[in-house]
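Here the structure comes first, spelled out in structure tokens, and everything after it is commentary.
Remember, it's 1-based here, ligands and their atoms both numbered in the order they're listed.
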Amino acid sequence: MAHLTLRKIRKSYGNLTILDDIDLDIPSGELVVFVGPSGCGKSTLLRSIAGLEEITSGTFHLDGEAMNDVPPAQRGISMVFQSYALYPHMTVYENMAFGMRIAGTAKPEIDRRVRQAAEILQLTAYLGRVPKALSGGQRQRVAIGRAIVRDPKVFLFDEPLSNLDAALRVATRIEIARLKEQMPNTTMIYVTHDQVEAMTLADRIVVLRDGRIEQIGTPMELYRKPANRFVAQFIGSPAMNILPAVAEGSRASPAIRVAGGAAPITLPSRPRPDGVASLGVRPEDLREATGEDAILEGRVEFIEQLGEVQLVHVQLGTDTGGRVVAKLPGDGEVRRGAPIRLAADPKRLHFFDAAGLSV
Ligand SMILES: Nc1ncnc2c1ncn2[C@@H]1O[C@H](COP(=O)(O)OP(=O)(O)OP(=O)(O)O)[C@@H](O)[C@H]1O
Ligand SMILES: [Mg+2]
């Protein structure tokens, strides 16, 4: 069991506040992903949980026990860093066994744990090798193995895959998903900049910004129902398009008009979003209009052809000088410089008020 409870966590350096008012509950066995812009405090929060960083105020409980004054080594928490410092002269086996040897663990127990971790991480064939004879992905798995053998209650990962190339990232990501299944009682927190890692690994995602939590939810909750513009644009890639908009029509037949947009968008199945200041539409929710359904008109500025899809950058023909990106099928007949009309399912539109909150 490993239930984490963070209450009003604050961390500051002098008068610089890095983390502010962090409240978070993570039930046993859950994998939570922290995302947010560079410098928002992800690593600081992780290091605070590990005990490598002293918090300024607030409380952190693990299974109901206050951790504030418990030294890092006694918390039952293991952390895997972005730069995995393996001992270069030791074999994979020795690297994984080292911490337990120092702690005076009995040899048969060390052997059992190392072999079990190697099995989970598919490193059994490499136990006799030194790190320089391994690929980057294998080295990172050894670093994870070193953390597993400690049999932690909580596993912390700080961007563990960011040094790997694209193919290795995918392979190691799948390894981590498998690891989670094999350690169902271990609570995991995973920091990443990678959208795919966040979406695929997380039970829940915590979006941080400037040291505060913006929203907590399952990947699909954040994708479908972002609490505000920041989360809306942070989750999903390419980012959601945002355009200034105003509500029109009556309560009975609500509509919305993008400033300078093609035609008012009728919203049959939802109440009129009063107080709306902007409209959000994801690139993947835009399609080429077939008839009178266009909501946006403009000219194709440039195209990024990705094969399966193309990212079509459109300069809108509005006085606002707005631009949108549409993710269209890769085999479509879109031409650079040509006019284009775009449509979207009204159910997939997002609305925000002047403060950026979802309405
Ligand atoms: N010892 C320190 N003294 C002062 N400020 C610090 C210290 N350590 C970190 N910071 C600041 O705290 C903020 C949060 O840093 P942190 O490393 O937690 O960010 P992060 O979200 O992990 O960013 P990244 O995605 O780039 O890894 C940054 O603005 C950083 O400059
Ligand atoms: Mg960091």
### Flag: protein heavy atom within less than 4.0 Å of atom 11 (C) of ligand 1
yes

### Task
Run the numbers for me: atoms of ligand 1, each under 4.0 Å from some heavy atom of His193, listed by number.
25 (O)

### Query
To which protein heavy atom is atom 13 (C) of ligand 1 closest, and what is the distance rounded to 0.1 Å?
Gly39 O, 3.5 Å

### Residue, atom name and distance, where the atom is the protein heavy atom closest to atom 6 (C) of ligand 1
Tyr13 CE1, 3.3 Å

### Task
Could you tell me whether Ile18 approaches ligand 1 through its side chain, its backbone, both or neither, with non-hydrogen atoms closer than 4.0 Å?
side chain

### Message
Considering the Mg ion (ligand 2), could you give the total of protein N/O/S atoms lying closer than 2.8 Å?
### Response
1

### Query
What pairs meet the ring-ring contact (aromatic ring centres under 6.0 Å, His included) rule with one or both residues in residues 6-31, with sequence neighbours excluded?
none

### Query
Which heavy atom of the protein is the closest neighbour of atom 17 (O) of ligand 1, given with residue, atom name and distance?
Ser43 CB, 3.7 Å

### Task
Could you check atom 18 (O) of ligand 1 against the protein and tell me its nearest heavy-atom contact, residue, atom and distance included?
Thr44 OG1, 2.5 Å

### Query
Can we call the ring centroids of Phe34 and Tyr190 under 6.0 Å apart?
no

### Message
Do Val207 and Val33 have side chains that approach each other closer than 4.5 Å (heavy atoms only, starting at C-beta)?
### Response
no

### Query
Regarding Arg139 and the six-membered ring of Tyr126, is the cationic atom NZ or CZ under 6.0 Å from the ring centre and inside 45° of its axis?
no

### Query
So which heavy atom on Arg173 is nearest to which on Leu201, and how close?
O-CD2, 3.8 Å

### Message
Out of all atoms in ligand 1, which are within 4.0 Å of some heavy atom of Glu159? Include the element for each.
### Response
25 (O), 27 (O)

### Task
Would you check whether Cys40 reaches within less than 4.0 Å of ligand 1, judged by its heavy atoms?
yes

